[in-house]
Enquirer: 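Sharing a structure here in structure tokens format.
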Amino acid sequence: MSLFEHPLLLILAIPLAGGVLVACTGRWPNLREAVTLVASVLLFLVAYRLMEEVGSGGRPGLVLVEVLPGLPIALEGEPLGALFGCIASGLWIVNSLYSIGYMRGNNEHRQTRFYICFTIAIASAMGIAFAGNMFTLFLFYEMLSLSTYPLVAHKENEEAKIGARVYIGLLIGTSIGFQLVAIIWTWVAAGTLDFEPGGILRDAVPPAILPVLLALYMFGIGKAALMPFHRWLPSAMVAPTPVSALLHAVAVVKAGVFTVLKVVIYIFGIDLLAETGASNWLVWVASFTLVTASLVAMTKDNLKARLAYSTVSQLAYIVLAAALASGLGVLGGALHIASHAVGKITLFMCAGAIYVATHKTEISDMKGLGRAMPFTFGAFCIGSLSIIGLPPLAGGLSKWYLSLAAAESGLVIAVLVYMASALLNVAYLMPVVVLGFFGRPDGTPADWQHEPVRVPWLCVLPPCITAILCLYLFLDGDGVIALLLPLME
């Protein structure tokens, strides 16, 4: 089979080929960045084609190589992966535009290396999205961790080096120490690592052992940032904002909660978890992470640090939904992967635009800045309202289904946590908007007006586009739900 005869080959080949071409054109920045943009558009078109095929009932599959009998490196299209792949590839286009404005605006060094690592990371995310079994997913999961390490350490100062060491240490440590053990255990017990509807562990593992195996998976998927293995995410905020925006609002963290859902749906099976109660403990861990991270976010004056702990909290929404072991929970969790991706990337890009234009990082220093940067703060407001869950924005749709799942479960703790979290979201996000538009620096007169701030248009346009996507995903929610309905069966 030739490369162009199968979209699953293209889904990996396009970003990797883009990385090679970026390396070859590094001496010509305009050409290098044009290659990045073309590769991102082509990847999205292929991912969208695969999503359409999966949405029509197709299940494209491809075995790349068989490592051991019954243990191939294989790719497969299914609803959850098709959505993740389409979201990540689509946001790569927007983030590529943003990266050009940010990297040039800050005169960042080693920009070619930055773009090369980015393409490898996106290829890894695509491999995770379309992995046909747990073995394949694990390989690309590790590839994603390694390829993003240079991005986190990009600034090469002492703070970046320390943050990158925490980042890679926790992600590799949890994946090798816990997740790999769980994968080997599953292979020995079930004789397969294939993703199968309904799971592969029924009658393969005694019910009393299921919570232990689930714990190895959940804490081994360090990218889901469950406490106490969450510190890598705030540490990674030393990276340039384009890295925070795409890799730590979309690709890396979403690879974590995506893997959580894949394990729950296709390895354990939601019916088995519901029958045995093996995931009941996870409800409490996810609830603790959700509330605690929100409270910590409220204490952070640094904007990126506040957004980082917000991400820890929002990821716990999805883990909690998976722990409910219900069709509605799975649907709500999958929807929240998409809604949080577009909302949080908007917030991170706005934070980066503020830094490029003013070099301000502390929220307390941003009083009145919204009047000088109305588009940036307007996009931040829309992204915040989506994260909070206000209709008609994407977060309103996903949080509606998450709330329904909590109510259906009958678990009071889940209902209370989801209700309280909405108030906490308001408490740590809206003060940024209020201070920006209505605040004024101390000691200034009541009629004070902030001087206009010049912002590179490539740092303003992308968050405005993703803010519009927050609205679009709500309005086109029926199409996304129709794609995901097979997950509930």
Side-chain angles (χ1 to χ4, degrees), residues 91 94-95 98 102 148 151-152 163 167 223-225 227 230-254 256-257 289-318 336-337 339-356 358 360-366 369-370 373 376-389 393-395 421-422 424-436 459 462-463 466-467 470:
L91 292 179
V94 182
N95 193 262
Y98 181 81
Y102 183 93
T148 50
L151 293 171
V152 175
Y167 172 83
K223 292 181 177 69
M227 290 182 174
H230 69 289
R231 276 294 309 158
W232 66 268
L233 206 158
S235 296
M237 291 303 111
V238 297
T241 301
V243 179
S244 303
L246 185 62
L247 300 184
H248 303 298
V250 183
V252 173
V253 296
K254 293 307 181 298
V257 287
T289 300
L290 197 162
V291 173
T292 303
S294 295
L295 293 173
V296 173
M298 292 171 60
T299 69
K300 299 297 180 181
D301 191 36
N302 182 279
L303 181 54
K304 284 182 68 175
R306 182 172 295 197
L307 296 180
Y309 276 99
S310 166
T311 297
V312 175
S313 174
Q314 295 296 318
L315 296 179
Y317 272 80
I318 301 168
H336 204 57
I337 286 179
S339 69
H340 180 254
V342 294
K344 187 53 66 71
I345 196 173
T346 302
L347 302 188
F348 272 119
M349 289 193 293
C350 289
I354 294 168
Y355 178 75
V356 169
T358 68
K360 292 181 178 180
T361 59
E362 308 304 302
I363 297 168
S364 56
D365 293 332
M366 298 178 187
L369 196 57
M373 304 175 65
T376 299
F377 273 80
F380 191 96
C381 180
I382 293 172
S384 296
L385 293 175
S386 183
I387 296 293
I388 290 167
L393 299 169
S421 67
L424 292 172
N425 294 165
V426 173
Y428 65 69
L429 287 175
M430 293 315 294
V432 182
V433 178
V434 173
L435 282 176
C459 287
T466 53
C470 290

Enquirer: For A224, check side chain to side chain contact (heavy atoms under 4.5 Å, CB included) against everything at least two apart and list the hits.
Expert: I221, V257, V260, V319
Enquirer: Is there side-chain contact between M366 and L303, with heavy atoms separated by less than 4.5 Å?
Expert: yes
Enquirer: Is the closest side-chain heavy-atom distance between Y98 and T466 below 4.5 Å?
Expert: no
Enquirer: Considering non-hydrogen atoms only, spot the tightest contact between C459 and V356 and give its length.
Expert: SG-CG2, 4.3 Å
Enquirer: Heavy atoms only: give me the nearest G395-S339 pair and the separation to one decimal.
Expert: N-CB, 3.8 Å
Enquirer: Kindly write out the residues that satisfy side chain to side chain donor-acceptor pair (under 3.5 Å) with D365, not counting sequence neighbours, or none if the list is empty.
Expert: none
Enquirer: Do the side chains of K254 and K223 get nearer than 4.5 Å, heavy atoms only?
Expert: no
Enquirer: Looking at side-chain heavy atoms only, is the closest gap between F377 and C350 below 4.5 Å?
Expert: no
Enquirer: Indicate yes or no: at least one non-hydrogen side-chain atom of Y355 is less than 4.5 angstrom from one of K360.
Expert: no
Enquirer: Not counting sequence neighbours, which residues clear side chain to side chain contact (heavy atoms under 4.5 Å, CB included) with N302? List them please.
Expert: K304, A305, T361, E362
Enquirer: State, to 0.1 Å, how close A394 and V342 come at their nearest heavy-atom pair, and which atoms those are.
Expert: CB-CG2, 4.4 Å
Enquirer: Does anything in residues 290-299 pair up under side chain to side chain donor-acceptor pair (under 3.5 Å), and if so which pairs, sequence neighbours excluded?
Expert: S294-S313
Enquirer: With side chain to side chain contact (heavy atoms under 4.5 Å, CB included) as the criterion, how do V312 and L290 come out once you've worked through the C-alpha distance, each side chain's angles and the decisive distance to 0.1 Å?
Expert: CA-CA 7 Å; V312 175; L290 197 162; over 6 Å; no
Enquirer: According to side chain to side chain donor-acceptor pair (under 3.5 Å), who are the partners of Y428, at least two apart in sequence or on a separate chain?
Expert: S310, N425
Enquirer: Say you draw a straight line from CG of L429 to CZ of R306; how long is it, rounded to the nearest 0.5 Å?
Expert: 8.0 Å
Enquirer: Calculate, to the nearest 0.5 Å, the distance between atoms CG and CG belonging to L385 and L393 respectively.
Expert: 6.5 Å
Enquirer: Given side chains that start at C-beta, do those of R231 and Y167 come closer than 4.5 Å, heavy atoms only?
Expert: no
Enquirer: What's the separation between atom CG in L435 and atom CD1 in I363, rounded to the nearest 0.5 Å?
Expert: 8.0 Å
Enquirer: Please step through side chain to side chain contact (heavy atoms under 4.5 Å, CB included) for the pair L347 and K344, ending with a clear verdict.
Expert: CA-CA 5 Å; L347 302 188; K344 187 53 66 71; 4.1 Å; yes
Enquirer: Give me the atom names and distance for the closest heavy-atom approach of A225 to T289.
Expert: O-CG2, 3.9 Å
Enquirer: Is any side-chain heavy atom of T311 closer than 4.5 Å to one of Q314?
Expert: no
Enquirer: Could you pull out the closest heavy-atom pair between P463 and T346, with the gap in Å?
Expert: O-CG2, 3.7 Å
Enquirer: Specify the closest pair of heavy atoms between M430 and S384, including all atoms of both residues, with the distance to one decimal.
Expert: SD-CB, 4.2 Å
Enquirer: Mind checking what makes side chain to side chain donor-acceptor pair (under 3.5 Å) contact with S421, not counting sequence neighbours?
Expert: Y317
Enquirer: Kindly say whether C470 contributes a backbone atom to a donor-acceptor pair with the side chain of S386 at under 3.5 angstrom?
Expert: no
Enquirer: Does a side-chain heavy-atom distance below 4.5 Å link V94 with M349?
Expert: yes
